[in-house]
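Read the numbers this way: they start at 1 and go in the same order the structure lists the ligands and their atoms.
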Amino acid sequence: SNMVSRYKKEFLELEKIGVGEFGSVYKCIKRLDGCVYAIKRSKRPLAGSSDEQLALREVYAHAVLGHHPHVVRYYSAWAEDDHMIIQNEHCNGGSLQDVLLENAKLGQYFPETELKEISLQVSMGLKYIHNSGLVHLDIKPSNIFICHKLVVEGPAGQEESDSEDEFSSGVVYKIGDLGHVTSITNPQVEEGDSRFLANEILQEQYCYLPKADIFALALTIALAAGTGPLPHNGAMWHHIRKGNIPPIPQKLSHSFLELLKLMIHPDPVARPSATALTKHPVLRPSLGK
Ligand SMILES: Cn1cc(CCO)c2c3c(c(-c4ccccc4Cl)cc21)C(=O)NC3=O
């Protein structure tokens with residue numbers, strides 16, 4: 001590789017915002033356009049390894065998926081000095097997992113209206129991914145990123161926000177980390193986090209893959225509602241796969257609880273599709289009247 005890396009040449013590294021076995025994520029400023037990006041640098045996987053497959057799948061998925069308000073935007077990816085680098089949109093509000101941990105410390109949880117907003121926005125992102133012929137397969141709080149719209153001061157000092165758009169609350173939830181994305185029709189399934197894994201995927205039944213994302217979304221929402229840590233395996237894992245939503249320490253409406261229950265139905269066919277969720281009266285109260 002040439003001496004000066006493209007990464008160092010094009011970007012100013014501000015801070016490390018994540019680290020894992022996958023590599024490290026940095027918040028960077030691109031010198032040319034002055035914008036902030038999230039950049040993941042990971043050790044280049046062994047050529048021909050399954051890790052290489054995963055890395056390529058992530059970039060293919062971003063390339064196919066183009067732009068959607070509820071999918072983290074991809075800008076570029078390249079390889080240099082034995083590293084894979086992917087440059088994505090930076091979401092300034094952290095991940096849903098970060099907010100859940102903060103909430104838990106304070107014994108607070110997302111109220112039902114916010115739980116429905118998260119469900120609706122992530123369903124819109126899933127509808128887009130599924131209609132593109134792909135499935136995510138690793139939906140969970142740490143892969144949902146939050147963008148707070150920056151308030152624009154008007155001339156008279158009053159806040160300006162085109163509140164007629166659907167993000168009137170100013171918070172946008174986006175699906176990120178496409179490392180497990182695969183095709184619905186000829187899938188190469190790399191199982192996601194077992195805490196959010198639907199039983200049919202464990203049984204290698206891949207004929208209703210989009211419904212595995214719906215299953216994982218329901219458990220993601222249950223965590224946002226304050227349920228305790230999910231099991232990775234064992235009796236409680238199977239109890240949930242029989243269609244039992246783990247206990248939630250707040251009063252939720254019967255209709256919302258019934259929807260969450262339907263989303264983890266043991267039979268994937270019985271679970272609502274992402275498209276159905278985006279039109280569901282429980283999530284879109286205005287449609288319910
Ligand atoms: C750990 N971590 C923290 C953040 C910032 C949230 O305020 C973050 C981001 C991403 C990613 C990411 C995930 C998977 C693949 C590539 C990237 Cl850049 C990871 C992130 C990403 O794609 N966009 C992010 O904001």
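- Salt bridge annotation for K105-E102: present, with a cationic side-chain nitrogen under 4.0 angstrom from a carboxylate oxygen.
- Ligand 1 places these atoms under 4.0 Å from at least one heavy atom of H90: 25 (O).
- Checking only distances, G94 does come within under 3.5 Å of ligand 1, N or O to N or O.
- Using a 3.5 Å distance cut-off with no hydrogens or angles, the side chains of E112 and S253 do pair a donor with an acceptor.
- Y7 and E13 share a side-chain donor-acceptor pair at under 3.5 Å.
- Using a 4.0 Å cut-off between charged side-chain N and carboxylate O, K211 and E200 make no salt bridge.
- Ranking protein heavy atoms by distance to atom 22 (O) of ligand 1, first place goes to N88 ND2, 3.0 Å.
- Applying side-chain hydrogen bond (donor to acceptor under 3.5 Å, both in side chains) to R73 and the options H68, H67, E89 leaves one that passes, H67.
- Within 4.0 Å of atom 12 (C) of ligand 1, not a single protein heavy atom is present.
- Of the candidates C91, A38, G20, it is A38 that places a heavy atom closest to atom 9 (C) of ligand 1.
- Counting only heavy atoms of the protein, atom 15 (C) of ligand 1 lies nearest to E58 OE2, 3.1 Å.
- Of the protein's non-hydrogen atoms, E89 O, 2.8 Å is the one closest to atom 23 (N) of ligand 1.
- In this structure, atom 1 (C) of ligand 1 lies nearest to the protein heavy atom I17 O, 3.5 Å.
- By the neighbour-count criterion of 12 heavy atoms within 6.0 Å, atom OH of Y60 is sparsely surrounded, having that number or fewer from other residues, nucleotides or ligands.
- Residues E80 and K9 are not paired through a salt bridge, judged by the lack of any N-O separation under 4.0 Å between the basic side chain and the carboxylate.
- With respect to atom 8 (C) of ligand 1, the closest heavy atom belonging to the protein is F145 CE2, 3.6 Å.
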